[in-house]
Novice: 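Just dropping this structure here.
Letters A, B, ... are given to chains in the order of the sequence lines, protein chains preceding strands, and every chain is numbered from 1.
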Number of protein chains: 2
Amino acid sequence: MSATIKDIAKKVGVAPSTVSRVLANKSKYYNLETAEKVKRAAQELGYKKNQAAVELVKQHSNVIAAVVSSVKTNFAGEILDGIKDEASRHGYDLIIVYSNSADSKEQERALLTVIERPVLGVLLLSIALSENNLNLLKDSEIPYCFLSMGFDDNRPFVSSDDIEIGYKATKLLIENGHRNIGLAGIDMYPYTGRLRLDGYKKALQEIDVDPKDSWIQSGDYSYISGENAMSNYGKNTELTGIVCVSDMVAIGVLNQARNFGFKVPDDLSIVSIDGTEMCKIVQPQLTSISQDFYKMGIKGVQQITDNIGDKNQQFVSIHIEERESVKFIK
Amino acid sequence: MSATIKDIAKKVGVAPSTVSRVLANKSKYYNLETAEKVKRAAQELGYKKNQAAVELVKQHSNVIAAVVSSVKTNFAGEILDGIKDEASRHGYDLIIVYSNSADSKEQERALLTVIERPVLGVLLLSIALSENNLNLLKDSEIPYCFLSMGFDDNRPFVSSDDIEIGYKATKLLIENGHRNIGLAGIDMYPYTGRLRLDGYKKALQEIDVDPKDSWIQSGDYSYISGENAMSNYGKNTELTGIVCVSDMVAIGVLNQARNFGFKVPDDLSIVSIDGTEMCKIVQPQLTSISQDFYKMGIKGVQQITDNIGDKNQQFVSIHIEERESVKFIK
DNA sequence: TTGAAAGCGCTAACAT
DNA sequence: ATGTTAGCGCTTTCAA
């Protein structure tokens, strides 16, 4: 075992409490000479704080926990960057646990590995928590916040306004002359999906078009969902534009469209939702409704940290990035 | 504060140690009736283990720590999946910390947040540790292992054989009739890059071609490195095939080549290194030398876990995946 | 400015 | 099968 505070105390000839004060930098409470000696001794002995001991006595730590889903969400990185930056600005550490959204047992393990320690708070990155696991989290009395996911109950979250996303994406196509517009990859269970669908319908309603059922293809935000959606539309589709619920879905649609012999955007326009780097590495580059994932991370740590109290359901703004996948028609 | 073992003990009317035994499932050492009562009480009180206390007394935990670099390595997910699966097979938990490879101060924070707790071991996912931080890790006496990165000293690692990667990638092009072959995106500092370069040169040497300096374009495994490399080759390049050191580099090369008016693979062949999903979502799909990242994760936890002792530098096998970006010429 | 002492929640001998 | 006790490494009163 490595050196403890006692070893240092013995070596220097002071009490453990003095060492503790020095190492915790409680200046005013020690003089510089002893401090020097203590620090040197710590150095020499290769002292390393035992956080388990610290947390046990303090009953809290300065670590923030992030729970991410193991499904390949390519925006998780941006959120994490935001969390990390804001956390380190306040001197908090960040630990991440990895959970398969689908498996509630695995989800519980992930959750427990963080809430069994006195973490400052937990941030959930587009994780659909099971009923039980949500209760587990609530009962722990640790502050938490969902990121990139909204809810209709009173759970704290920071996300984009998904109605607005659906609306703006569709509207963008409409403004470019499109009327037969599909919605690809939406998943109906989470609130997010339903909201985007609402936005989509609202925009279409404004120009008096009533979307056929076949225009709305469900999926799970994955590449393959995109391919499937486009396959279902078929090579003779009446659609001239498609709203895709994620960048990966958009790429799936793009490739399958290409397999059908479509040229994008000449034969078919695509607008993607998310706006990650992926949009820029495909050809044509994808026009997108971009979310500010980085800021979600920042606001997330503020929320579990500041105890702002009431304003615990926040939206971050979205913006349109016009690239090359939308064409003006007619 | 939430309920402790003592609260349960009091409620049930037994000693704390009994509660501990029941909750730790040390069967044989308690009878079923008390066990029942204890468990029910724990349930009712919403008891949650305090891991800080457990770790303090046990001086070890069952958590494995993974350090990942915040640069967008798209294969980290696959390694993590391997780690997670193997870890949970043994009942270990996994926590991940996020570190910017470039900033040694940030790297230290990340490292400290895990080695200040009694973790089982730490896995470093393509992290170039600074001298100091490596010593920090060594001094902690916690088992560690580098993943997806080899070294010429005695550090434990599991990675692919990078000479073989460079060699096979180049050889594949040679077998398809190419002689003027570039190497794009290599970074010379880490051992990995030099090794791949060696493999590349070796393959070329076998057919008596001496690569010009301009054929070898350095970079940092990123998309932009790929674009730059191709820009430097120019639209009148003599190259007919290019080995790219990562999928992202390959995509950068692909897009820039397309900007020059090249058709891939008709005018230019590309072989990528890594073989992540990225290879399949671009058109044409990229032929790759694929690494078995998932297995690296598995072997990594075995290594820090088994104390296999000697065999602490392991390779996992690579394989060629022929897709659509290489054309037979002449 | 420093020391002594208590205690955080838990486990692991050792008794019984 | 269960209780008693000591102690993990640290922080924090309280006294000096």
Novice: Flag yes if more than 12 heavy atoms outside B:Lys48 fall under 6.0 Å of its NZ atom; otherwise flag no.
Specialist: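 Yes - once you tally the heavy atoms of other residues, nucleotides and ligands closer than 6.0 Å, there are more than 12.
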Novice: Write down the atom of B:Ile64, the atom of B:Ala87, and the distance for their closest heavy-atom approach.
Specialist: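 Closest approach of B:Ile64 to B:Ala87, heavy atoms only: CD1-CB, 4.3 Å.
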Novice: Please give, in whole Å, the distance from C:dT1 C1' to A:Glu36 CD?
Specialist: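 Rounded to whole Å, this separation is 16 Å.
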Novice: Counting just side-chain N and O atoms, does A:Thr18 come under 4.0 Å of either OP1 or OP2 of C:dT1?
Specialist: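 Negative; the distance criterion is not met.
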Novice: Could you go step by step and tell me if B:Glu86 and B:Thr305 meet the side chain to side chain contact (heavy atoms under 4.5 Å, CB included) rule?
Specialist: CA-CA 11 Å; B:Glu86 181 67 9; B:Thr305 262; over 6 Å; no
Novice: Please report, rounded to the nearest Å, how far the C1' atom of C:dT1 is from the NZ atom of A:Lys37.
Specialist: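 One finds 13 Å between C1' of C:dT1 and NZ of A:Lys37, rounded.
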Novice: Using a 4.0 Å cut-off on protein heavy atoms (strictly under), produce a 5'-to-3' string for nucleotides 11-16 of chain C with B for base contact, S for backbone-only sugar-phosphate contact, and - for none.
Specialist: BBB---
Novice: Where does the angle between the aromatic ring planes of A:Phe146 and A:Phe151 fall among parallel (under 30°), tilted (30 to 60°) and perpendicular (over 60°)?
Specialist: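 Aromatic pair A:Phe146/A:Phe151 classed perpendicular.
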Novice: Side chain to side chain donor-acceptor pair (under 3.5 Å) with B:Asp85: which residues, sequence neighbours excluded?
Specialist: B:Tyr294
Novice: Please state how far atom NZ in B:Lys6 lies from atom P in D:dT5, giving the value in whole angstrom units.
Specialist: 13 Å
Novice: So, B:Asn132 versus B:Ser130: side-chain donor-acceptor pair below 3.5 Å or not?
Specialist: no
Novice: Rounded to whole angstroms, how far apart are CG on A:Asn50 and P on C:dC10?
Specialist: 16 Å
Novice: Can you tell me if the side-chain N/O atoms of B:Gln59 get under 4.0 Å from OP1 or OP2 in D:dG7?
Specialist: no
Novice: Should A:Ile304 and A:Val122 be marked as a side chain to side chain contact (heavy atoms under 4.5 Å, CB included) after you check the CA-CA gap, both sets of side-chain angles, and the distance that decides it?
Specialist: CA-CA 8 Å; A:Ile304 56 174; A:Val122 3; over 6 Å; no
Novice: Counting just side-chain N and O atoms, does B:Asn31 come under 4.0 Å of either OP1 or OP2 of D:dT2?
Specialist: yes
Novice: May I have the distance from B:Arg117 (atom CZ) to D:dG9 (atom P), rounded to whole angstrom?
Specialist: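 Value for this atom pair: 16 Å.
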Novice: Is the backbone of A:Met149 close enough, under 3.5 Å, to the side chain of A:Ser126 for a donor and an acceptor to pair up by distance?
Specialist: no
Novice: Whole Å only: how far is the CG atom of A:Leu56 from the C1' atom of C:dC8?
Specialist: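 Taking CG of A:Leu56 and C1' of C:dC8, I get 4 Å after rounding.
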Novice: Does A:Arg117 use its side chain to pair, donor to acceptor, with the backbone of A:Thr113 at less than 3.5 Å?
Specialist: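 Yes, the answer is positive, given that a donor and an acceptor are paired below the 3.5 Å cut-off.
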Novice: Atom CD of B:Glu116 to atom P of D:dC10: distance rounded to whole Å?
Specialist: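 Computing the B:Glu116:CD to D:dC10:P distance gives 10 Å.
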Novice: Angle between the two end axes of the helix from C:dT1-D:dA16 to C:dT16-D:dA1, five base pairs per end, rounded to 10 degrees?
Specialist: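 One end's axis against the other's: 30°.
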Novice: Find the distance B:Lys10:NZ to C:dG9:P and express it as a whole number of Å.
Specialist: 11 Å
